[in-house]
A.B. asks: 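Pasting a structure below so you can have a look.
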Amino acid sequence: MVNLNAVAPGGGREYYVALGLEGSANKLGVGVVKHPVVGKHEGGDFSYDCESQILSNVRDTYITPAGEGFLPRDTARHHKNWCVRLIKQALEEAGIQNAAKDLDVICFTKGPGMGAPLHSVVVAARTCSLLWGVPLVGVNHCVGHIEMGREITKAVDPVVLYVSGGNTQVIAYSEKRYRIFGETLDIAIGNCLDRFARTLRISNYPSPGYNIEQLALNCKKKDTLLELPYTVKGMDLSMSGILAYIDNLAKDLFRDNRKNRQLFDRDSDEAKISVEDLCFALQENLFAMLVEITERAMAHVNSNQVLIVGGVGCNLRLQEMMQQMCQDRANGQVHATDERFCIDNGVMIAHAGLLQYRMGDFVKDLSETVVTQKFRTDEVYVAWRE
Amino acid sequence: MALEHSLDLQIPFETPQQAQIAVKVLKPDPILRPDDFEVDYVSNGSVLEVKFRSIDDRVLRVGVSSVINSVKTVVEAMDELS
């Protein structure tokens, strides 16, 4: 039996408060979340309904110039520059005056992610923990996304599609683990979109994927879809070939290579395809692949709920396509969140970390706080679910 | 090859507790290439003493600058958040 109230909140309070620090990629996020002590949590699986209150959720994104990606060293420097300022701001917004007394736990991202940025953040987390005498919890980034998605949408036991710049996984819960049903064999979907945005030299603000989505909306020829490689491999996906293919098309278009008859009309020599058409085709193709493996995972575990999490999850076209598939399958539902919770943030780390803490799992020795670039979703023992 | 290149840093903090916290924060992280680079942290009163030993001056410089960057975060957190 799961008892989420086994560890009492500090200072005789009727609620838990957690600070969450996230910095596994180019977003630095700090959030404060509050869980009230609720009677039903003593006996049963109610981890999707913690009645959590978000006290603050601040984020600063390291944006690189158009055509450039973010490198680990520069991203780490960004996080080092902003980390303490952001923690201060998040605490102020949450109305926390005495962190030593008012916080139950400090949660940080242990992995997966880029090593140097993760390390920048954990140094600040350890310092705060020792200054305030507040315990630490190391959180798996993917589990953070899943738990935040469940809490916001109240999806009890969904198939989870986790799509971001670094990860592409289809996940379902079984026997105390989030099991990976399918995943990318090479690059993540967000990485594929980001890199195509670099080829197009479009802005990285607010995010490359968002700008591709906007361009795709302006596609004038949505009924004649440009054909791209479709690379579903069983339950897995491959995306590097698609990227190479569409990159070449874009380069031919920019170079005005009239020999490419896929792009230029045989008779008039005019371009048949625009940048908008390329963006539209890329999105349709990639998302169709995601929908296919998600549907198959739903059939495997007999579920009719899908939860989409991760940065790419705010793409409305992806949500729409998933919705269509779910409606065709016996009234299924799609759960998704908006950019505040889809895109990496500190609140999700605080929330998932607090679940862990309430089950008695926190750092006993600082040697357990070493961050790791590789940390698979199914390595985490999910104590807070039946 | 022996670790012939070395550097010792003494970083003063305001209190012995702060220096001890700095040691605890910096110590857990493993060195990526332990054969080429070694670092040791101790607190002596309110001073943080860091001893670096390395295979060549380039590796030494990179390692030292990375530690100094981490120390900056520790100091900033102490100034702003305690």
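We name chains A, B, ... by the order of the sequence lines, and we start the count at 1 in each one.
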A.B. asks: May I ask you to list the residues in residues 66-82 of chain B that approach chain A closer than 4.5 angstrom, counting heavy atoms only, ordered by number?
C.D. replies: B:Asn69, B:Ser70, B:Thr73, B:Val74, B:Glu76, B:Ala77, B:Met78, B:Glu80, B:Leu81, B:Ser82
A.B. asks: Which residues in residues 22-33 of chain B have a heavy atom less than 4.5 Å from any heavy atom of chain A?
C.D. replies: B:Lys24, B:Val25, B:Pro28, B:Asp29, B:Pro30
A.B. asks: Identify which part of A:Ala124 has an atom lying under 4.5 Å from any heavy atom of chain B, answering side chain, backbone, both or neither.
C.D. replies: both
A.B. asks: Using a cut-off of 6.0 Å, state whether more than 12 heavy atoms not belonging to A:Glu14 lie near its atom CD.
C.D. replies: no
A.B. asks: Decide if atom CD of B:Glu14 counts as having more than 12 heavy atoms of other residues, nucleotides or ligands within a radius under 6.0 Å.
C.D. replies: no
A.B. asks: Tell me, yes or no, whether the heavy-atom count around A:Lys364 atom NZ, taken from other residues, nucleotides or ligands under 6.0 Å, exceeds 12.
C.D. replies: yes
A.B. asks: Which region of A:Cys83, side chain (C-beta onward) or backbone (N, CA, C, O), has a non-hydrogen atom less than 4.5 Å from a non-hydrogen atom of chain B, or is it both or neither?
C.D. replies: neither
